[in-house]
Each structure stands twice: as C-alpha cells, then as structure tokens.
Amino acid sequence: MREYELVAGLETHVELSTKTKIFCGCTTAFGSEPNTHCCPICIGLPGTMPKLNRQAVRYAIMAGLATNCEINPIAKMDRKNYVYPDLPKAYQISQYDRPLCSNGYIQLQNGRKIRILRIHIEEDAGKLVHERGDTYVDYNRGGVPLIEIVTEPDIRSIDEAIEYVEKLQLIMRYIGVSDVKMQEGSLRCDVNISVRPKGAEQLGIRAEIKNMNSFAFMQKAMQYEFERQTDLLESGEQVVQETRRYNTDTGETEPMRGKEDAHDYRYFREPDLVTIETAPQEVEQIKAALPELPDAKFARYTEAYGLSETDANILIKYRRVAEFFDAAAKLVQTPKTVSNLIITQIFRRLSTEEQKEAFEIVVTPQTLAELIALRESGKINNNLLKSTLEQMLDTGKPVAALIDEKDLGGVDEATLREICRQVVAENPAAVQDYRGGKEAAFKALIGGVMKATRGKANALQATEILKSLL
Ligand code: ADP
Ligand code: MG
Ligand code: ZN
C-alpha cells in the first residue's frame, strides 16, 4: 500500500462575548428560557433595520491582530441566502469578498505556520432542539456575533489540527473576545480534510465535516475520515466532495449534503448596512491595547528567564497565572523559583482547569517574592520556604507574621538536640527498625524532626545528631 498524507483546513466559528447581539440590543446571555432574547430585528421580521455592533467589529479586529492578520481598511457585510428553520430571515448576514481581516497565521510548536486566509464577522443562527420526537427552534442564539477564522489547507496531521485549535482558543482567551468553550458551542470547528499520496503536489478532493464540538470527536472524526478516503483511493475510487457529519454513536462520518458552492448562496451586498471603514490609527490603538500574547511570553520565559519549554508552556496556558508569574518574577533574583512554586505547590491546590484559569489565591506576587527573597539570601532553607508558603496559602497572612526573627537563624543546636531526643523517644518502632538495618526508617525520624521544627531545622545537622543518638 502506498503512503498517504492527510491535508486539512479549518473553518472555526468563535462566538464573541459582546453584551448584545450583532445587529440589535438583545442580550447574548447563554442558557435562558428559549425565545426570550429575541426582537423583531434578530428574528428577521420584514421592514426592520439592522445596526452593526461596534464592539463586535472591535473584537474581530483584535482577533485579527492577535493572529497576525492584516486589517482591511474597507470591509462590508453581505447576505448569504439559504433556507433552514434556524434562520428565519432565510439569509445570514455575513461577509463575502471583503472580510475584516486577511493573511494571518498561527505558528505551531514544530515551527510550522498555519496560514489564516481570512477572518470575517457574521451572525449566528438559532438552535434546533430535538425533544420528545419533535423538533423545536430556539432563536436566542440567532444574531449572536461570530467570527469565522478560515485557514489555508496547511494542516498535515490530526495532532496539528488539535494544536491549532488549542492555540487559537488560548489566543482568544488572552485577548478576552470569547470564552471559546467547545462544549457550550462558543467555539465550533468545520474540518475540511483530504488525502493524497505522500509527496504529491496536488491536493486531493476534500470532505467537510461540520460542527465539531469536542477535541475527542474531532480527533476520531479525522481519523475515520482519513482511513475512509485512503481506502477509496487505494481501491481506485474517487472521494466525493461533500459535507459530512460525525455520528457519535457509530464513530463514523456520514454524508449530510452535497457540497454547495459560493454561487449557490447568491451572495449580495447587505443593503441595510454601511461600509465598515477602519482607519489605520484605529488599528494602531487597538493593537497597542492588546495584552502580551502567549508566543511572546513563551519566548521571554525560555530566553530571558531560562525556564524549560515544558514549564513555560504550563505557565502561558492560563493568562492569570502568567500575569502572576510576571509580576513576581520581576521582584526576585531567581524567576525559576517562582515558576517551580506555582507549578508544584500552588497548582496542587488548583486541580481543575477552571481553578487554574481563575487562579484565585490569597497570596500576592509581592508576598511570594518577599518569601523567595528570604530563601535567596540564605536566611531560610527550602523546607521553611515551602511550609511557610503553605501557611500563606491557607491564611493569606504576610511573611512577617509567619516567620519571626528567631526563625531566621534556623534552630540552634541545643534546641535541635532536644527535639531529636524527643523524636527518638516518641518513635520506638522506627528506632528499632533502623537499628535492625532498615535504612528507610530513618526517613520517618528525620520527618518527625522537620515537622516539629516546621521545616526550620538544617537537615544535615539533624541527621548527624539523630545518628549519634541511635
Ligand atoms: P468553502 O468556502 O466552499 O467551504 P473554501 O475554498 O473557502 O471552501 O475552503 C474552505 C476550507 O477548506 C479552507 O479552510 C481550506 O483551507 C480548506 N480546503 C480547501 N481545499 C482543501 C483540500 N483539498 N483539502 C483539505 N482542505 C481544503
Ligand atoms: Mg465551508
Ligand atoms: Zn434582537
């Protein structure tokens, strides 16, 4: 059998988190009673006039800038005509030949750039709800602003497709234009996929798998589709260009409809909306207000701070974590200590993705930096650093309230000797085991000393004293 290569291009819909819909003042809030967030404009009654939401345009420009796109000084809205129950106007207001943004890219870890052909704005459709053997329609989502981000067919594997979407998600979250939750539908992917013999120049015929709403399904659907198309080519048949859906019950993709072409939609300019003009100064202003993006942070963390790529990737994954790290790292001599404490000790308390994302802790970058400074100047050891951080995380108390002057000197020898005696007296079993040749039992004894001194004891000194007592 010949070797085949997967080729994919993604069309990703991202719901913008504006307060109101794209052409009317209805709320975009998610999860309310069906058909309560609707008005004559967003349900498309004849004679109503849409008005473009400025914030939606601004968010789309932010998304474009954050993915290295050019912002087109002149853009316009068009009608895309089709009939489906979720679209009461029988057309969707979208952008056809003059999108807001074009020619960007997102770079993957392997260095490959996935080119972005365009980003345009459009309105979302309503939602069909299948219940009790009937189909209902909820228009609350109709008119919610979307951006559609279209890539060139640059993706060459399932892993690349997933990484692209994850990165896109991360960028959108950083700039705050969407909550990009796949399971809630605020990020949805159409995957265009074809195969070709390895080394071939020409692209194969593609199928488009609609509306992937989880990474797991996306991965399975792509795998299935890759095998299906490879089998077709191997047996001398042709792939049919069509739209398919992934059936989560069977784990297979199945035909949905033939492929429409642009001319099927009879695109024409939306006559009720004016041209969208964006002045270069406006673009500059928006650009200046963008936060530092994940790629830039990654480069700074690995190059300037010398963090490992793994650690840098963990920190940039959550914007608030990265910002906390940045603030603390500036105040200390060893940024790596900040990163270690976040990734090990602090993350131990934040187990879910949501908790890491929210990063709600009572310790501030300043107090963490103060604590680390004590360690850097040799005034406290690692154990005391860690146990104090635990207390800070529990109580929110400042360093000065937890470590006093006499702690800073560590534990004097007489006190330490006394504590060691106690530990030996209180742990006869461990003492016996150790004397019987079980080295591991010694750990329990050292642990006891550390606990009694809240980690302040010098471990070497404690070892010596304990051994002399045993
Ligand atoms: P349409 O608008 O009809 O869906 P486009 O030509 O705009 O079609 O392409 C849509 C998506 O399909 C783009 O993301 C593009 O990269 C991808 N694509 C186009 N041709 C192929 C192909 N042969 N194999 C895989 N993906 C493709
Ligand atoms: Mg398409
Ligand atoms: Zn409305």
Side-chain angles (χ1 to χ4, degrees), residues 4-13 18-29 32 35-45 48-53 56 78 80 82 88-89 92-97 99 102-106 113-120 122-126 138-145 148-158 160-161 164-165 168 189-197 200-212 222 225-226 229 233 238-244 256-265 267:
Y4 288 89
E5 177 180 55
L6 178 155
V7 174
L10 263 50
E11 297 164 276
T12 311
H13 288 97
T18 54
K19 292 208 169 61
T20 56
K21 292 186 177 181
I22 187 168
F23 301 123
C24 66
C26 292
T27 174
T28 56
S32 310
N35 299 310
T36 53
H37 300 165
C38 304
C39 75
I41 296 174
C42 56
I43 60 167
L45 294 189
T48 53
M49 290 289 264
K51 237 169 76 187
L52 184 57
N53 182 336
D78 299 284
K80 178 179 182 180
Y82 66 91
K89 296 200 291 280
Q92 177 195 32
I93 305 180
S94 179
Q95 296 193 288
Y96 180 48
D97 54 344
S102 21
N103 299 325
Y105 65 85
I106 284 180
K113 286 180 176 169
I114 307 303
R115 287 171 299 160
I116 291 171
L117 183 67
R118 56 186 279 152
I119 300 180
H120 66 255
E122 61 188 25
E123 58 181 328
D124 208 344
D138 175 7
Y139 290 121
N140 282 351
R141 201 180 67 183
V144 168
E148 179 173 338
I149 302 150
V150 185
T151 77
E152 298 280 0
D154 287 348
I155 291 165
R156 292 289 174 274
S157 70
I158 297 174
E160 283 193 355
Y164 164 82
V165 179
L168 184 67
C189 261
D190 300 340
V191 180
N192 295 268
I193 169 168
S194 62
V195 301
R196 62 180 172 187
E201 284 275 305
Q202 218 184 343
L203 293 178
I205 297 169
R206 76 184 135 127
E208 176 172 359
I209 320 169
K210 279 281 179 199
N211 262 331
M212 305 272 60
M222 288 182 79
E225 195 53 28
F226 177 67
Q229 293 185 18
L233 298 192
Q238 278 218 324
V239 175
V240 180
Q241 186 170 337
E242 66 188 351
T243 303
R244 300 175 72 87
M256 206 169 140
R257 54 174 189 252
K259 173 87 191 104
E260 359 13 42
D261 282 319
H263 65 250
D264 296 323
Y265 290 119
Y267 276 103

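What you see below is based on every heavy atom in this structure, not just the backbone, and it leaves out hydrogens, waters and symmetry mates. As the structure lists them, so they are numbered: ligands from 1, and atoms in each ligand from 1. Only a predicted model underlies this, so the values are computations on that prediction, with no experimental measurement involved.
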Evaluating non-hydrogen atoms only, which member of G204, A8, G9 is closest to atom 23 (N) of ligand 1?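 When every heavy atom of G204, A8, G9 is considered, G204 comes closest to atom 23 (N) of ligand 1.
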
Give the single entry among N192, I155, I205 that approaches atom 12 (O) of ligand 1 most closely by any heavy atom.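 It is N192 whose heavy atom sits nearest to atom 12 (O) of ligand 1.
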
Give the atoms of ligand 1, by number and element, whose distance to some non-hydrogen atom of [X] is under 4.0 Å.
X    : result
P153 : 16 (O), 26 (N), 27 (C)
L203 : 23 (N)
E152 : 16 (O)

Metal check, the Zn ion (ligand 3) vs H37 N/O/S, cut-off below 2.8 Å: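 No N, O or S atom of H37 is closer than 2.8 Å to the Zn ion (ligand 3), so no.
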
For [X] and [Y], which heavy atoms make the closest approach, and how far apart are they?
X    : Y    : answer
R141 : G126 : NH2-O, 3.2 Å
E122 : S94  : OE1-OG, 2.9 Å
I119 : P99  : O-CB, 3.8 Å
K21  : Y139 : NZ-O, 3.5 Å

Residues that T18 engages under side-chain hydrogen bond (donor to acceptor under 3.5 Å, both in side chains), provided they are two or more places apart: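 Result, side-chain hydrogen bond (donor to acceptor under 3.5 Å, both in side chains) vs T18: none returned.
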
Under 3.5 Å between some N or O of ligand 1 and some N or O of V150?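 No; every N/O pair is 3.5 Å or more apart.
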
Check salt bridge (Lys or Arg N to Asp or Glu O under 4.0 Å) between R244 and all other residues, then give those that pass, not counting sequence neighbours.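 Salt bridge (Lys or Arg N to Asp or Glu O under 4.0 Å) check on R244 returns E225, E242.
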
Rounded to 10 degrees, the angle SG of C42 makes with SG of C39 at the Zn ion (ligand 3):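 The angle at the Zn ion (ligand 3) comes to 120°, rounded to the nearest 10°.
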
SG (C24) - the Zn ion (ligand 3) - SG (C26) angle, nearest 10°: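 Approximately 110° at the metal, rounded to tens of degrees.
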
Counting only heavy atoms closer than 4.0 Å, does ligand 1 sit against the backbone of L10, its side chain, both, or neither?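 The answer is the backbone of L10.
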
Note, I155 side chain near V7 side chain (heavy atom, < 4.5 Å):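 Of all side-chain heavy-atom pairs linking V7 with I155, none is under 4.5 Å.
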
